[in-house]
Amino acid sequence: MPLPVRHPHPWNVSPEEAVAIQQRLREQVIREGPMPGPGTVIVGVDVGFRGELARAAAVAVRFPDLTPLAQAVAEVPVTFPYIPGLLAFREAPAILAALERLPLSPQVLMVDGHGISHPRRMGIATHLGVYLDLPSIGCAKSKLWGRYEMPPDEPGAWSPLWDGEEMIGAVLRTQAGASPVFVSIGHRISLENAIATVMACVRGHRLPEPTRLAHLAAGGADVLAAGRQPRLL
DNA sequence: GCGACAG
DNA sequence: ATCTTGTCGC
């Protein structure tokens, strides 16, 4: 069954056209929304590369217990170079293909990359959220845009990520002794609730489970089978 | 000319 | 992201 796309547009475009698409879609972003309720299906997505092929993985977990429900992978040819600020045009086509194969409808997307903490407020997490009209959260491993102070080394501690006077994200310590992650609004969720959701998805690793499992799945792991032997993950 | 620069 | 073994530290 095809994914319902709310704001369709081509992905195979030039970098100039990509920027124009971002400028158009940024008007649609909703920066508020609730915490996922019990039973919500959260889907983590990530992409790995093997030569000229992009392999995307989508892993669905149930919130808040984080039981893995389903996983799907898809490989598509790479058609766009890596350009900071235009990551969605390189990775989203593969992610969408993986989501098509997932036997469950995502209710919240957790993306390995930024949301509105982006020069045009249109990181891949935001782009996917608006494109699919789904609540989405960006959880990146490093900064793309903005200034911040390092948060204390305590789980749950965070400091704002600023672009001038505008708070565009949070630098969040998910685990003591590990470098922080960069959490931002993707779409249809508040920053406060995005931070709380990420923390509620942490299980002893730096990255929250949806994204962490998607990363493993993109590397070829069967997280559903392994999930039945929790020590393997 | 010299940094900064998701994955 | 990817190329890649052992090794320092808790």
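Chain letters run A, B, ... following the sequence lines, proteins first and then strands; every chain starts at 1.
- Not one N or O on the side chain of A/Arg26 forms a donor-acceptor pair closer than 3.5 Å with the backbone of A/Met122.
- For the pair A/Ile30 and A/Ile185, the tightest heavy-atom approach, listed with the atom from each and the gap, is O-CG2, 4.2 Å.
- You'll find the ring centres of A/Trp158 and A/Tyr148 outside the 6.0 Å limit.
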What is the per-nucleotide protein-contact pattern of nucleotides 2-7 of chain B, from the 5' end, where B denotes a base atom under 4.0 Å from a protein heavy atom, S denotes such proximity for sugar-phosphate atoms only, and - denotes neither? ---BBB
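- Using a cut-off of 4.0 Å between Lys/Arg side-chain N and Asp/Glu carboxylate O, A/Arg121 and A/Glu166 are scored as salt-bridged.
- Electrostatic pairing of A/Glu32 and A/Arg188 does not count as a salt bridge here, judged by no charged N lying under 4.0 Å from a carboxylate O.
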